[in-house]
Trainee: 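Let me give you the structure first, and then I'll get to my questions.
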There are 2 protein chains.
Amino acid sequence: MILKSQVEWALHCCAILAGLPEGRYLSTKALAEFHGLPKEYLSKALQSLSQAGLVHTTLGPSGGYRLAKAPAELTFLDIVEAVEGKARTFVCTNIRANNPCRAPGYCESTPCAVARIMWEADEAWREKLRNVRLSDLIEILSKEIPADLMKRTFGWVLERAG
Amino acid sequence: MILKSQVEWALHCCAILAGLPEGRYLSTKALAEFHGLPKEYLSKALQSLSQAGLVHTTLGPSGGYRLAKAPAELTFLDIVEAVEGKARTFVCTNIRANNPCRAPGYCESTPCAVARIMWEADEAWREKLRNVRLSDLIEILSKEIPADLMKRTFGWVLERAG
DNA sequence: CAAAATAGGGATATTTGTTATCCTTAATAG
DNA sequence: CTATTAAGGATAACAAATATCCCTATTTTG
């Protein structure tokens with residue numbers, strides 16, 4: 001059970017977009033080049049972010065992506081779910097219904113207890129991601145990344161931002 | 001990102017094995033028939049439980065599986081990890097290293113901040129599963145399942161237990 | 001001792017999901 | 001008008017999950 005690589009890509013792209021000045025856009029091409037990713041396929045991840053309303057886009061030269069909300073209003077869960085989907089990791093196929101001893105018309109009222117427990121763990125995972133904002137990541141990165149690398153990166157992005 | 005169906009199967013099989021009297025064994029054939037599952041493939045899940053030391057096996061007619069520990073000593077995490085593996089859901093491919101602005105020999109000391117956050121969510125999921133014991137599930141089921149169905153099921157299993 | 005049933009495990013399909021590429025269309029800036 | 005962009009459909013390559021088959025060693029039972 002492994003998350004799509006697009007989840008990693010989307011998170012890093014959002015971190016870059018968070019550093020973009022108001023009103024500027026960054027293209028798929030620039031984001032792909034920066035991260036060393038296949039442009040066409042990265043585009044699918046960015047489309048997912050767009051469909052989820054997390055980023056705003058414009059067409060044409062100087063077009064691309066910018067965040068649709070402030071980094072403090074964007075959670076990790078928003079980004080992860082936009083790309084990976086909102087489905088639970090545990091799928092209950094209700095195999096208890098195959099019990100040969102159950103009465104013919106027996107119909108279970110509550111979801112399977114096994115599923116309920118597994119879904120609680122899923123929810124704990126989501127809750128953790130819901131409580132991390134993109135702004136939290138930016139704050140961590142600004143402390144960890146050397147100032148000169150930060151500055152050069154910022155310059156690299158601005159050169160390509162439309 | 002969906003867990004293997006074998007995880008569901010293993011959890012339900014352990015619940016059945018938990019009701020087995022001391023020293024008795026239940027075969028793959030019986031477990032597969034009870035749950036309506038493909039015998040050969042279910043066998044792979046049970047082999048995983050065996051390799052993880054969660055169940056004990058014997059060969060020959062009247063052979064099969066029993067729990068290797070008391071239900072109170074078996075957690076959901078034990079069972080899930082035995083079948084699904086212990087790998088994290090988020091795989092960090094360190095795409096930050098592709099940043100064209102970074103110094104040639106620049107080597108990051110700490111794991112990527114994005115990965116650290118995602119791994120914390122993974123750990124929250126594990127922690128939740130670690131805190132649910134198989135005995136907790138049995139307790140819930142004993143309350144939810146009608147007494148007559150429980151009795152018939154118990155009889156069905158005992159008829160086939162070696 | 002012989003026969004039947006079992007777990008274990010290797011080999012191999014089959015199916016599904018992920019990853020990736022290509023191409024067309026509509027919009028937009030210069 | 002031209003170049004560039006996002007969006008999205010079609011399709012291919014690849015990997016993982018699901019499933020089946022078959023052989024072996026072991027053990028109970030008759």
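Each chain gets a letter, A, B and so on, in the order the sequences are listed, and its residues count up from 1.
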Trainee: Just call it for B/Gly162: base, sugar-phosphate, or nothing, with non-hydrogen atoms closer than 4.0 Å on any strand.
Mentor: nothing

Trainee: If a protein heavy atom is under 4.0 Å from the base, mark B; if only from the sugar-phosphate, S; if neither, -; do that for nucleotides 20-30 of chain D going 5' to 3'.
Mentor: BBB---BBB--

Trainee: B/Ser43 near the nucleic acid: base, sugar-phosphate alone, or nothing, with a heavy-atom cut-off under 4.0 Å?
Mentor: nothing

Trainee: Any side-chain heavy atom of B/Gln6 within less than 4.5 Å of one from B/Tyr41?
Mentor: yes

Trainee: Here's a test of your reading of the structure: between B/Gln47 and B/Lys29, which maps to the more 5' nucleotide of DNA chain C?
Mentor: B/Lys29

Trainee: Just the rounded figure in Å: distance from C1' of D/dA17 to CH2 of B/Trp9.
Mentor: 10 Å

Trainee: At under 4.0 Å between heavy atoms, what does B/Thr28 touch on the DNA or RNA strands: base, sugar-phosphate, or nothing?
Mentor: sugar-phosphate

Trainee: What integer distance in Å separates B/Glu33:CD from C/dA5:C1'?
Mentor: 15 Å

Trainee: Please give, in whole Å, the distance from D/dA6 C1' to A/Leu31 CG?
Mentor: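 Atom CG in A/Leu31 sits about 13 Å away from atom C1' in D/dA6.
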
Trainee: Between atom CZ in A/Arg160 and atom C1' in D/dT5, what is the gap in whole Å?
Mentor: 17 Å

Trainee: Heavy atoms under 4.0 Å, any strand shown: does B/Tyr65 hit a base, just sugar-phosphate, or nothing?
Mentor: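 Here B/Tyr65 touches the backbone only, sparing every base.
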
Trainee: In whole Å, what is the span from the CG atom of A/Leu42 to the P atom of C/dT21?
Mentor: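 A/Leu42 atom CG is separated from C/dT21 atom P by 12 Å.
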
Trainee: Between A/Leu134 and A/Glu73, is any pair of side-chain heavy atoms under 4.5 Å apart?
Mentor: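 No, their side chains stay 4.5 Å or more apart.
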
Trainee: Taking for each residue the nucleotide of DNA chain D bearing the nearest heavy atom, is the 5' side occupied by B/Ile2 or by A/Leu46?
Mentor: A/Leu46

Trainee: Any side-chain N or O of A/Thr57 under 4.0 Å from OP1/OP2 of D/dA7?
Mentor: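 It does, given that an N or O in the side chain of A/Thr57 lies less than 4.0 Å from OP1 or OP2 of D/dA7.
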
Trainee: Is the count of non-hydrogen atoms from other residues, nucleotides or ligands lying under 6.0 Å from A/Glu139 atom CD greater than 12?
Mentor: no

Trainee: Is there a side-chain contact between B/Arg160 and B/Glu33 (heavy atoms, below 4.5 Å)?
Mentor: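 They are in contact (side-chain heavy atoms under 4.5 Å apart), so the answer is yes.
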
Trainee: If you compare all heavy atoms of B/Ile95 against all heavy atoms of A/Glu8, which two are closest, and at what distance to 0.1 Å?
Mentor: N-OE2, 4.0 Å

Trainee: Would you call A/Asp148 and A/Lys151 a salt bridge, taking side-chain N to carboxylate O under 4.0 Å as the test?
Mentor: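 Here A/Asp148 does not pair with A/Lys151 in a salt bridge, since their nearest N and O are not under 4.0 Å apart.
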
Trainee: Assess A/Arg152 against A/Trp156: is NZ or CZ under 6.0 Å from the centre of the six-membered ring, and within 45 degrees of the ring's axis?
Mentor: no

Trainee: Calculate the interatomic distance between B/Glu84 atom CD and D/dA17 atom P; express it in whole Å.
Mentor: 7 Å

Trainee: From NZ of B/Lys4 over to P of D/dA15, roughly how many Å is that when rounded to an integer?
Mentor: 17 Å

Trainee: Below the 4.0 Å mark, does D/dG8 have OP1 or OP2 next to a side-chain nitrogen or oxygen of A/Gln51?
Mentor: yes

Trainee: Rounded to whole Å, please give me the gap between CD in A/Gln6 and C1' in D/dA15.
Mentor: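 After rounding, the gap between these two atoms is 16 Å.
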
